[in-house]
Amino acid sequence: MTEIVRVGAAPGSPLAREARVRMRDGIRLATDVYLPTTEVTGDGGGASAEGMSAAAADVPGDTILIRLPYDKSGQYTFIPLIAEYFMTRGYRVVAQDVRGKFRSEGETLLFVNEARDGYDTIEWITQQPWSNGRVAMWGDSYYGYTQWAAVSTQHPALKAIAPRVTGTTLGEPVHRNAGDITRGVEMGITYLYPLSYFHSQDAFFWELDPQRRPFSEQAEDAMAAIGSRSISYDQWFPRPVHLRRFPDGHPFDARPVPTLQTIGYWDNCAPQSWADVAEIEARPAWALNHFLRLEPMDHESFYLNDSVEQRVEERPEEQIRSELPRMLDAALDFFEVFVRDNGSASDIPRVSWALSGTDEVRTSASWPPAGTRELELHATIDGGLASGSAEGTDAEQIVSWTHDPADSVPSSARNAFAFLLDKPDEAPLGERDDVLTFTGQPVEQPIDLVGPVRARAQISSDGPVMDLFVRLLDVSEDGSALRIARGQRQLVDASVATNIELDLGHLGYRLAAGHRLGVQVASTDSPEFLPQPGTGEDPWSATTLRTNRQSIAIGGPDGLAITVTTLDSAFDPSDGDTP
């Protein structure tokens, strides 16, 4: 068993006063209250963040609520610095450890208590002398999820939310519905998260040994070493119990709340975000209140164009302060309109999107923006990419490779949540025998890829279950490759050749002149995703490993094809013919 590192609550911020907020069942949640010492106007100038004064406590104002499981005063999320920044715009800030975490009381249980605890906390805020009854919420990941949970309860004081890199189904295990032909591939973090951040009040960190099976035995060893079980883990394994996250109804069935949703192109949780976007677009009232922001970042807020100096695991305070504007200013502008009624909805772009590979940020009335078109690229048997209809491709051939669960295709980034911290070169993966690589010709002029990316293919295996991973790459002139999109899907009965489709996410990316599009195909990406053992057993509890022969069609109407969306109507990456 590897070493287990235990992390407890950090010392409280001198800028805040801690309160104990009582929930409807009597549980008290540890809550930091930050109040600016002076009032400011809506232009955001002049507030002091030196602490709370008696005078400030008597002046009602707008409040930003942050509910998180990562320690409200800890270094990981630097909430005190964020609160200080919000205070410079005159906001009161309330940061709260969710139930069962760090200084808060109660049972440590993922997701299911956030709706009503959010409502009760907002209700408490409205009763304080420093509150004017208007509340906004902000936060990333789990503390983006807590915003959706609060929305589901329809508290009238919640005026706007700004969730980042999150989704209403965040962290949910793959649903294994009877009759499914395909389903999602289980992320490695699914069973580790409730054993680390959501084991109990403190956090526990340890490394899974990828060579030791079953993985579930390592989980049992970790809980034995810690001295207690994780109820969050036990609700999911060995027989998942999907407890209701939203006891008062789904957020999208609730009264729409103005929402600024931020998605990172390189966020490994972006599929959950895009699933919410699709659901919102199908509901006119919600769509009217929904604003989208697309940024060239990963889950941990590392950006594609960050300098080498910025891409460090432990960001110093000076660096964090310098990066707060890009993290917070859009939300503050949004709150100015929808919380403070300074301006109108038309002042906020419906969609604001970065064109990765440039310094450009563009706006549009919809996503994808007007003027885009889809282009289908077909893999060829000689390792190329050809555009046009499937009828013009080579005759279908079946290409095979060996899946060895004891030698899985490795995930390229050390931390799947911080992909751009390493910004790894994917080209070496293509040299493996169990990775298929297809590459187009260099483009002569820059090409803007803007919108969704999809893949389709006919696949099969001599094993019972097959996972398919497809990466879209920007291959530079020196041969290095940056992953710009990817998707994965599991074929439940792989003994029968089946056509499946993969969602590779969305792009806002400029392919530079001289660069090429590349595609990699594999059947593992470990440890980010749990590798199939080859026997059909659950990957988490499997004890026996078996190699499988995987197959995919190349050429013909059922051959591997990638659909990209481009702003350039004349783009043809197969021959470099650009305008």
Side-chain angles (χ1 to χ4, degrees), residues 265 296 304 355-358 368 371-399 401 412 423-433 435-457 469-487 502 504-522 552-579:
Y265 295 127
L304 179 66
L355 184 60
S356 307
T358 75
T372 60
R373 76 174 182 103
E374 291 187 345
L375 179 67
E376 192 166 80
L377 312 174
H378 299 269
T380 62
I381 197 65
D382 60 357
L385 289 174
S387 63
S389 69
E391 288 147 6
T393 65
D394 298 330
E396 179 180 295
Q397 298 188 48
I398 303 301
V399 177
W401 70 96
S412 55
K423 202 157 68 172
D425 178 10
E426 306 276 312
L429 292 178
E431 299 172 4
R432 293 176 56 105
D433 292 338
V435 177
L436 307 182
T437 302
F438 306 90
T439 312
Q441 294 298 313
V443 298
E444 297 173 0
Q445 296 183 24
I447 301 300
D448 294 338
L449 304 172
V450 179
V453 184
R454 303 186 305 277
R456 61 176 175 81
F469 293 82
V470 177
R471 294 182 174 98
L472 182 67
L473 311 174
D474 172 359
V475 182
S476 66
E477 293 169 298
D478 65 5
S480 61
L482 172 68
R483 189 184 81 201
I484 58 177
R486 65 108 182 254
L502 284 71
L504 273 64
H506 291 249
L507 277 174
Y509 189 84
R510 174 163 289 174
L511 187 69
H515 287 218
R516 299 173 290 163
L517 283 180
V519 172
Q520 288 179 347
V521 175
I552 189 169
I554 304 297
D558 295 326
L560 173 64
I562 312 294
T563 301
V564 297
T565 311
T566 176
L567 283 172
D568 188 336
S569 61
F571 174 35
D572 186 346
S574 64
D575 60 13
D577 181 18
T578 60

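Predicted, not measured: the structure shown is a model, and the values here were computed from it.
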Residue pair [X] / [Y], side-chain heavy-atom distance below 4.5 Å:
| X | Y | result |
| --- | --- | --- |
| Phe438 | Leu377 | no |
| Leu517 | Ile484 | yes |
| Leu560 | Val399 | no |

Identify the two heavy atoms, one from [X] and one from [Y], that lie closest to each other, and give their separation to 0.1 Å.
| X | Y | answer |
| --- | --- | --- |
| Ile381 | Ile554 | N-CG2, 3.7 Å |
| Val521 | Trp401 | CG1-CH2, 4.1 Å |
| Pro368 | Pro452 | CG-CD, 3.9 Å |
| His378 | Ala561 | ND1-CB, 3.8 Å |
| Gly514 | Pro442 | O-CB, 3.6 Å |
| Ala553 | Asp558 | CB-O, 3.7 Å |

Worksheet item: Taking everything shown except Asp478 itself, do over 12 heavy atoms lie less than 6.0 Å from its CG?
Response: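 Yes, CG of Asp478 has more than 12 neighbouring heavy atoms, counting only those of other groups under 6.0 Å.
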
Can you measure from [atom1] ([X]) to [atom2] ([Y]) and round to the nearest 0.5 angstrom?
| X | Y | atom1 | atom2 | result |
| --- | --- | --- | --- | --- |
| Arg486 | Leu502 | CZ | CG | 11.5 Å |
| Thr439 | Leu385 | OG1 | CG | 6.5 Å |
| Thr565 | Asp448 | OG1 | CG | 12.5 Å |
| Ile562 | Arg454 | CD1 | CZ | 10.5 Å |
| Arg471 | Leu504 | CZ | CG | 11.0 Å |
| Ser476 | Leu511 | OG | CG | 10.5 Å |

Item to complete: Report the residue from Ile447, Val453, Leu482 that forms a side-chain contact (heavy atoms from CB on, under 4.5 Å) with Tyr509.
Response: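 Per the side-chain contact (heavy atoms from CB on, under 4.5 Å) rule, the option paired with Tyr509 is Leu482, out of Ile447, Val453, Leu482.
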
Worksheet item: So, the side chain of Thr563 versus the backbone of Glu376: is there a donor-acceptor pair under 3.5 Å, distance only?
Response: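 Here the side-chain-to-backbone pair does not exist.
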
Worksheet item: Where the side chain of Asp425 meets the backbone of Ala481, is there a donor-acceptor pair that is under 3.5 Å apart?
Response: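 Pair found, side chain donor or acceptor close to backbone of Ala481.
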
Item to complete: Decide yes or no on side-chain hydrogen bond (donor to acceptor under 3.5 Å, both in side chains) for Glu426 and Ser412, but give the supporting numbers first.
Response: CA-CA 7 Å; Glu426 306 276 312; Ser412 55; 2.4 Å; yes

Worksheet item: Per the side chain to side chain donor-acceptor pair (under 3.5 Å) rule, which among His515, Arg510, Arg483 passes with Asp474?
Response: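 Considering His515, Arg510, Arg483, a side chain to side chain donor-acceptor pair (under 3.5 Å) with Asp474 is found only for His515.
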
